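The structure appears below as structure tokens.
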Number of protein chains: 2
Amino acid sequence: MARAEPARAVTLSDVARLAGVSVATASKALNGRDQVKDSTRQRVVEAADQLSFSPNPLARGLLAGRTGTVGLLTSDLEGRFVIPILMGAEDAFGAGQVNVFLCDARGDTIREQYHLRALLSRRVDGLIVVGRQTDPRPSLGHDIPVPVVYAYAPSDDPADLSITPDNVSAGRLAVEHLVACGRTRIAHITGEHAYAAARDRAEGVQAALHAAGLELVGDVMYSEWSERWGRDAAAVLLTRHPEIDAVLCGSDQISRGALDTARDLGRTVPDDVAVMGFDNWEVLTTNARPELTSIDANLQQLGRTAAQRVFAALDGVDIGSGTEYVAGRLVIRGSTVARR
Amino acid sequence: MARAEPARAVTLSDVARLAGVSVATASKALNGRDQVKDSTRQRVVEAADQLSFSPNPLARGLLAGRTGTVGLLTSDLEGRFVIPILMGAEDAFGAGQVNVFLCDARGDTIREQYHLRALLSRRVDGLIVVGRQTDPRPSLGHDIPVPVVYAYAPSDDPADLSITPDNVSAGRLAVEHLVACGRTRIAHITGEHAYAAARDRAEGVQAALHAAGLELVGDVMYSEWSERWGRDAAAVLLTRHPEIDAVLCGSDQISRGALDTARDLGRTVPDDVAVMGFDNWEVLTTNARPELTSIDANLQQLGRTAAQRVFAALDGVDIGSGTEYVAGRLVIRGSTVARR
DNA sequence: AAACTCACCGAAAAGGTTTTCTGAACATAG
DNA sequence: CTATGTTCAGAAAACCTTTTCGGTGAGTTT
């Protein structure tokens, strides 16, 4: 049977009875308060061990007003950016004594409100709101009785605390790498212009090119975040501007498409033309021919940071407000640097 | 500030006071018990609305012995099979009044035990254990005071209830599709032999071929679950057995590799040779040239089913034991059927 | 010996809700 | 007018833990 016996849980009074003390004393003994003789404390601890007692967090939370739980409100579990953040946060909390309530609003505001209510009524001690894009999202407001940290998608209210990837510097990082590899005729294919991630990276790209005294070959090519677009855009670019020696792509998916096109056109990577992307999605990057250089957004770190901010707020620290940026990191593979 | 005012939560006695009744009456009124006059009930409901009262689930759970929470214990959040299951489960629970504690053991038994303890001490009402492979995993045992359902990875103890994809029938489904498309010289490239998923699918493949009076071209090629392996294996197969008219791959990743090789060798897909995979991982399938036919394992459905079983157990239904199989579904795209 | 300090323990309240049981008001039947 | 029943409201207990405060006994001081 998958269902075991109800077996009433062992309570503190069971422990107290076994140890021959009152519940008050038992509580104090187990919680390390003073006012308990050492020998008594030991008797209680032994009794608790013997019964494998674990205090009921409901009763404890009812009294303390703290539950040792936080809510993780995501707008889109499907999106692959949310998962690493979630892992980082879960990791950071799990190390403490905090457990995580997961709620997926599926991008629906109604559902988000519903979950928010549920979480608050469960008296979570804090809240992390994870969005699927780096575009600002509506704030949950300020009548929330617990600390809130926005991750990935920042809040549109500067009075909130948000933690988001630094896409501008990521774009810069990418160009600096290409320039360091000796590339000077660089083109940029990226995703939807509606995405701040695309625009921010492009901004960083332009800035770094400018700083290096270079100019982008052609315009920034915005369209969709897909391999297909990568193929099509690269085909246009490479035929119209055969002098291109590097294609910087807004995502690894686009990179994969560009790589395919380069191969179709008989261009060799990386000797003839370098290709690199963003996100460092390993399934795509490490299986490409050649493997893809990419900028990793350090999302797991971002999740951990968000969790730490919530922790700090729980300890009464003022965690401030505004947007905090997490830098990306360059992961070099064969698509920009020939294997030695 | 990210931290708002504590603003003591409104309690039932606030509502009762406003409505001019006792807490007992207020409770009964709000919970739809009888023994309350309609006019009184209405007064209470209005008062509750006005104060936007929501009952404290801690207090409620303390009394009822139920917390309205379940634990979701995963061994690997990173793996992409876990996420859809998690979504399905979260979805099913969220519709009820149940919230989900998420714990990621990262494939570590110690951490799993730790999280299990934490969840039990939080008095979760039920537990779903999600593994990353379809190979049986060690049972958590039977001294767990709440219902447990194993998802994806079944328990190695037949006394537990497990829900897992039906990979044998998925393999059969795939071959039946290829045969229906008129393919007769079919090869099978798949992932690690150590994975039950690979072996089960291969078993289904062989069974369906036999039923159709066909034989596999070459042996089942086991190795790793990667594009690279798909490329290499397809190269070997297609040169050694040029008569092959369909390559059935153990995953979409392998399919992508096979597809690349077919293109490199100048074979046209699907006219000359059909390619199909398993998992229906849309990022890979819909961006391939041509788009990839695949078998979807219905993982979200699997998650929902697991949640429903836990629900049933909570309602006192005996949910039985053993392993329940979830069928896959065929998703036809251009890699097996020429676009009209 | 009385007054005092000190170390330790336990009774009781608190936290918010649900449920059971008692009791009051009122209506109906005899 | 009494007996019986019905309907509804409230008091109190229960759930489990923590904390405050009062109390007991032993030891110490005057």
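Everything quoted here is computed from the prediction, not taken from an experiment. Protein chains get the first letters and strands the later ones, always in sequence-line order, with residue 1 at the start of each.
A pairwise comparison of heavy atoms in Ala151(A) and Ile128(A) identifies CB-CG2, 4.1 Å as the closest pair.
For the ring pair (Phe, Tyr, Trp, His ring centres under 6.0 Å) test, no residue two or more places apart in sequence or in another chain qualifies with Tyr150(A). Remark: Ser27(A) pairs with Asn31(A) by the side-chain hydrogen bond (donor to acceptor under 3.5 Å, both in side chains) rule, at least two apart or across chains. The side-chain hydrogen bond (donor to acceptor under 3.5 Å, both in side chains) search around Ser121(A) returns none, not counting sequence neighbours. In this structure, the side chain to side chain contact (heavy atoms under 4.5 Å, CB included) partners of Ala196(B), at least two apart in sequence or on a different chain, are Thr134(B), Asp135(B), Arg199(B), Asp200(B). Considering only residues two or more places apart in sequence or on other chains, Asp157(A) meets the side-chain hydrogen bond (donor to acceptor under 3.5 Å, both in side chains) condition with His142(A). Applying the side-chain hydrogen bond (donor to acceptor under 3.5 Å, both in side chains) criterion to Arg43(A), with sequence neighbours excluded, gives no partner residue.
Against DNA chain D, the stretch residues 35-52 of chain B makes heavy-atom approaches under 4.0 Å through Gln35(B), Val36(B), Lys37(B), Thr40(B). For residues 19-32 of chain B, proximity to DNA chain D is found at Val21(B), Ser22(B), Ala24(B), Thr25(B), Lys28(B), defined as any non-hydrogen atom under 4.0 angstrom from a strand atom. Residues from residues 54-64 of chain A that place a heavy atom under 4.0 Å from any atom of DNA chain C, listed by number: Ala59(A), Leu62(A), Leu63(A).
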Using a cutoff of under 3.5 Å, can you pull out all pairs of nitrogen or oxygen atoms linking the protein to nucleotides 23-27 of chain C, with atom names and distances?
none

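Spacing between atom CZ of Arg33(A) and atom C1' of dC9(C) amounts to 15 Å, rounded to whole angstrom units. If you measure from atom CZ of Arg17(A) to atom P of dG10(C), you get 14 Å, rounded to the nearest angstrom. dT19(D) atom P lies 12 Å from atom CG of Leu12(A), rounded to whole Å.
Distance CG/Asn99(A) to CD/Gln97(A): 8.5 Å, rounded to 0.5 Å. Atoms OG1 and CZ, from Thr305(B) and Arg309(B) in turn, are 6.0 Å apart once rounded to the nearest 0.5 Å.
In summary, the side chains of Gln113(B) and Thr109(B) do not present any donor paired with an acceptor at a separation below 3.5 Å, with no hydrogens or angles considered. Residues Ser162(B) and Thr164(B) have side chains that never bring a donor and an acceptor to within less than 3.5 angstrom of each other.
Within 6.0 Å of the CD atom in Glu78(B), the count of heavy atoms belonging to other residues, nucleotides or ligands does not exceed 12.
Comparing the start and finish of the helix from dA1(C)-dT30(D) to dG30(C)-dC1(D), five pairs each, the helix axis swings through 70°, to the nearest 10 degrees.
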If you look only at distance, which donor and acceptor atoms sit under 3.5 Å apart when one is on a side chain in residues 47-56 of chain B and the other is two or more places apart or in another chain?
residue  : atom : partner  : partner atom : Å
Asn56(B) : OD1  : Leu58(B) : N            : 2.7
Asn56(B) : OD1  : Ala59(B) : N            : 3.4

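Side-chain contact between Ile83(B) and Ile83(A) is present, with heavy atoms from C-beta onward closer than 4.5 Å.
Salt bridge absent: Arg106(A) and Glu112(A) never bring a charged side-chain N and a carboxylate O closer than 4.0 Å.
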